[in-house]
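Each remark here refers to the structure printed beneath this line.
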Amino acid sequence: MRIKIYTYIAISVLFASCSNIKYLKEGENLYVKGEVELNNDSIPDQYRGPLTERLEGVLRPRPNKKFLGLRTKLYFYNIAGQPKKNKGFKHWLKNKVGEPPVLLQDVNVPYNENLVRNRLENIGFFNAYVTTDTTIENRKATLNYVATTNKIYRINKVTYEADTTTQIGRELKLAQEGSLLVPGRPYNLDRIIAERERIDNILKDKGYYFFSPDHLLVQVDSMIGNHMVDMNVKLKEETPKNAKQPYTINNIFIYPEYSLVQGNYEVATPKDAEEYKGFYFIDPHRTFRKFALARTMFFHKGDLYNRDRQNQTISQLVGMGTFRFVKNNFMLADRGKSNKLDVHYYLTPQQKKAVRVELLGKTAAVYNGSEVNVSWSHRNAFKGAELLRLTAYGGYEVQSGGGININSNFYRYGLEASLTWPRIIAPFGWEPTRRFVPHTTTLVGYEFLNRRQAYRLNSLRFAWGYNWQESAKKTHQLNVLDVAYVQPVNVTPFYDSLATAFPYLQRAIDRQFTFGPNYKFTYTNTMETDRKHTFYFSGGLDLSANTVGLILGSNVKKGKQDSIFNAAFSQYIKTEIEYRHYMKLGQNRTLAARALFGYGYSYGNSTRLPYVKQFFAGGPNSLRAFRARAIGPGSYNPERFGNDNFVPDMTGDIRMEFNLEYRSKIVSILDWAAFIDAGNIWLQNADTVFQGGKFSKNFFKELAVGGGVGLRFDLTFLILRTDLAIPLRIPYLPDGQRWVFNKINFRDPDWRRDNLVFNLAIGYPF
């Protein structure tokens, strides 16, 4: 039976592959591949592959796209035939799904030869020549471009020609230090362009507003012999006068309520404006407090023009979060009679008040439900670009499986108010950054949760903190105080009886009180999409009641547990670290890896982290072969309830997790992935209930491992993800029997029910 299936698949693949050829007209050949061969033994092997790939990337046109070795888009184009109408299924199949054939006759070979030759000369392979061989087999054409290169040309010396009797000539000479054109390095056109831009940046920061990289000329002499070149950097003779002189800032005008419907930008004079600390405001309706905008200005009257300050000012205005558009305009002052510039900042405010309504649907292994969020926001609430947000939310979830109402259906609702200032508000003069806008946020929230057949919870939270961006890659978040209080009420006798039989269920109804600071640092360069390797790192520290616990001498192990508001406060130190590495394997292929570490040390007034602060494993963004919160701690075998093997939340004080995922594009919006996940959670201290849950030196023997495949639908505005996973190693099985490869049996319905885990989620797991 299997032989018949494999034979059928092979015949189908062969048919789909060959069927595209039969649609070609007489004399036509399908262009299937363009490849470049380097005829130069002096190029090291580590550079040969990337250079060949780069050269092949410039060839045009590209062959028809392939999926699993088949040109499926071309196949759909062909089978659609010639639609009779500009609508309908065939028209859609041919023009939206399909792709017309790329024929050999469509390839301009001399044009491609020139492209390859040009790219080689741009990196120092002068006098290269390219020949092309054509191979046609079964009406499929391959073009092989053979690039013969001489020895690469290198830089011999670099001179900067400038008239040092002029100010710009002296600046050009000073710019020679730090040059990107270094003797001994290969000639590279991109490096020459970058050097011109580097000099332009230096001059822009010294007041040369009208200067441009195009005013610089780099002369290259390749006739000195021995495959070397001399370079001479100089100003072009036709460089205009205004580009050769620095400019200073004159008057600064700010238009806080400028509207784009006004058409041309307004040009005010000091007599038309209201002056504040040297800045001129055109704000007749007094929509903004002047100090809030004045503090974002990096220019002051009399300053030398500086592009970095210009960009910093724009960044500050945009970062305030209250303007839809920010535009600046530099104009010659005094009708060009002096080297001075007037600066005009045109600010278009966003809509001040807005209401946002969100309706969410939720699904999980046992619970299904929905939630509605209504948020009202006011930008510029107190005329200082403050953001005031009031949010009300409510939702319910219904237990649809499990065979037992361990937690029953529930509903919850809550209110939250937050106020954010676009600056640091502190009792001392602390300003962590001026390049980006720091923010101060205070938040107050309340939530009520009602599990009608189990218990009710009242939750209160207050936070005061700061977040700021150190650079484009580094961000910080510091909550000076974060207070959370959870109070259970109306615990039912039914749940009490369950908590008596299974003590870990008691954790959900314990009073919880945490207060203290927390901090998180994030670094990422994933926005640099041209890099082969990109990274993401975040590290956080969460503290609760450390000073208070030490002052009171709290020691729960010796019977001294202190309380505040009738709740034993939690005393702990918790840290979390996450590291991600993304490696490009090709144009549409990526290998993504993640490592997670979390550790919570409870002492004094606590023996373990509070329930809301503990770690868990499993779920669509964790160990995908295990349901959320259904694995661990350690080798503990969780108690299961009902027909669906429902597992109550398993949490721990320590977490370790590793993920590896291969991602590749299929067609258009559809990608696929293969992944493997490993990890678990553990307890800080031994617990008689959770046998095997304590962290030990043999932790690696208790790692859960799972793997699977999935599809990703990239819809631009969101990514819809589906993953299908199976466990490969189950930590609660007896030691020596935890690897379960030999038990995989997709034909067994019982095995599929117990082991296949399907996850539907939005966004990538990491």
Side-chain angles (χ1 to χ4, degrees), residues 47 51 54 117-128 149-249 298-299 302-312 330 332 336 338-341 435 471 528 530:
Y47 300 121
L51 177 56
R54 179 181 174 185
R117 184 185 306 110
N118 177 263
R119 294 302 188 274
L120 288 170
E121 289 180 349
N122 287 349
I123 59 175
F125 289 106
F126 297 160
N127 304 318
T149 62
N150 296 312
K151 186 177 179 181
I152 196 169
Y153 278 68
R154 296 181 179 274
I155 301 173
N156 178 50
K157 66 176 181 179
V158 183
T159 57
Y160 283 70
E161 181 183 332
D163 181 3
T164 55
T165 62
T166 63
Q167 184 174 351
I168 192 171
R170 292 190 293 271
E171 298 290 0
L172 186 58
K173 275 291 187 181
L174 290 174
Q176 185 171 358
E177 183 177 352
S179 173
L180 301 177
L181 306 177
V182 179
R185 286 187 175 179
Y187 169 90
N188 189 297
L189 179 61
D190 290 339
R191 194 173 293 275
I192 291 175
I193 295 172
E195 173 63 6
R196 296 201 313 168
E197 293 175 346
R198 185 187 72 88
I199 295 174
D200 175 63
N201 287 331
I202 292 174
L203 294 177
K204 281 292 197 303
D205 286 344
K206 294 185 177 182
Y208 293 84
Y209 175 78
F210 291 103
F211 193 82
S212 163
D214 291 335
H215 296 141
L216 288 169
L217 177 65
V218 181
Q219 298 171 318
V220 180
D221 182 3
S222 61
M223 303 301 291
I224 63 175
N226 199 27
H227 294 90
M228 303 293 285
V229 299
D230 286 341
M231 292 184 174
N232 183 42
V233 183
K234 59 182 291 188
L235 280 177
K236 291 181 179 179
E237 294 181 0
E238 61 270 24
T239 301
K241 180 182 177 181
N242 63 357
K244 297 179 181 180
Q245 54 192 23
Y247 284 76
T248 58
I249 302 300
F298 281 77
F299 281 131
D303 288 348
L304 196 65
Y305 169 79
N306 181 292
R307 183 157 62 184
D308 187 51
R309 291 185 181 181
Q310 173 189 346
N311 293 336
Q312 286 179 315
F330 290 82
L332 288 170
S338 63
N339 294 353
K340 295 182 180 180
L341 297 169
R435 184 177 179 184
S471 68
E528 299 176 355
D530 57 331

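Computed over heavy atoms, backbone and side chain alike; hydrogens, waters and symmetry mates excluded.
The side chain to side chain contact (heavy atoms under 4.5 Å, CB included) check on Asp200 picks up Lys204, Phe211, Pro213, Arg307, with sequence neighbours excluded. Evaluation of the side chain to side chain contact (heavy atoms under 4.5 Å, CB included) rule for Phe330 yields Tyr209, Ile249, Phe299, Tyr305, Gln310, Asn328, Leu341, Val343 as partners, not counting sequence neighbours. Every residue meeting the salt bridge (Lys or Arg N to Asp or Glu O under 4.0 Å) condition with Arg196, not counting sequence neighbours, appears here in chain and number order: Asp214. Listed by chain and residue number, Asn150, Lys151, Tyr153 satisfy the side chain to side chain contact (heavy atoms under 4.5 Å, CB included) test with His227 (two or more places apart in sequence, or in another chain). Every residue two or more places apart in sequence or in another chain that forms a side chain to side chain contact (heavy atoms under 4.5 Å, CB included) with Lys157 is listed here: Asp230. Among residues two or more places apart in sequence or in another chain, the side-chain hydrogen bond (donor to acceptor under 3.5 Å, both in side chains) test is passed with Ser338 by Asp334. With sequence neighbours left out, Tyr208 forms a ring-ring contact (aromatic ring centres under 6.0 Å, His included) with no residue at all. Every residue meeting the salt bridge (Lys or Arg N to Asp or Glu O under 4.0 Å) condition with Arg309, not counting sequence neighbours, appears here in chain and number order: Asp303. Residues meeting the salt bridge (Lys or Arg N to Asp or Glu O under 4.0 Å) test with Arg54, sequence neighbours left out: Asp190. Under the rule for a side-chain hydrogen bond (donor to acceptor under 3.5 Å, both in side chains), the partners of Asn122 that lie at least two apart in sequence or sit in another chain are Asn118.
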How far apart are the C-alpha atoms of Asn242 and Leu332, what are their side-chain angles, what is the distance that settles it, and do they pass the side chain to side chain contact (heavy atoms under 4.5 Å, CB included) test? CA-CA 11 Å; Asn242 63 357; Leu332 288 170; over 6 Å; no
May I have the step-by-step check of side chain to side chain contact (heavy atoms under 4.5 Å, CB included) for Thr239 and Ile168, ending in yes or no? CA-CA 12 Å; Thr239 301; Ile168 192 171; 5.9 Å; no
I'd like to know whether Leu216 forms a side chain to side chain contact (heavy atoms under 4.5 Å, CB included) with Leu235, so could you lay out the CA-CA distance, the side-chain angles of the two residues, the decisive distance to 0.1 Å, and finally the verdict. CA-CA 5 Å; Leu216 288 169; Leu235 280 177; 4.1 Å; yes
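With values rounded to the nearest 0.5 angstrom, Ser212 atom OG is found 11.0 Å from Leu203 atom CG. In this structure, CD1 in Ile202 is found 12.5 Å from CD in Glu197, a value given to the nearest 0.5 Å. Interatomic distance, CD1 of Ile152 versus CZ of Phe126, reported as 9.0 Å (0.5 Å rounding).
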Donor-acceptor pairs under 3.5 Å, side chain of residues 171-183 to any protein atom, not counting sequence neighbours: which ones?
unit_1 : atom_1 : unit_2 : atom_2 : d
Glu171 : OE1    : Lys206 : NZ     : 2.8
Lys173 : NZ     : Tyr160 : O      : 2.9
Ser179 : OG     : Tyr160 : OH     : 2.8
Ser179 : OG     : Leu181 : N      : 3.0
Ser179 : OG     : Glu195 : OE2    : 3.4

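Checked by atom type and distance alone, the side chain of Arg154 never pairs as donor or acceptor with a backbone atom of Arg185 at under 3.5 Å. At least one donor-acceptor pair closer than 3.5 Å links the side chain of Asp205 to the backbone N or O of Asp308.
What you find for Pro246 and Leu304 is that their closest heavy atoms are CB-CD1, 4.1 Å. Taking each heavy atom of Ala128 and Leu120 in turn, the nearest pair found is CB-CD1, 4.1 Å. Nearest heavy atoms, Asn232 versus Thr159: OD1-OG1, 2.9 Å. Of all heavy-atom pairs between Gly169 and Ala162, the closest is O-CB, 3.5 Å.
Between Phe210 and Pro240, every side-chain heavy-atom pair lies at or beyond the 4.5 Å cut-off.
For the salt bridge (charged side-chain N to carboxylate O under 4.0 Å, His left out) condition, the pairs that include at least one residue of residues 231-247, sequence neighbours left out, are Glu161-Lys234.
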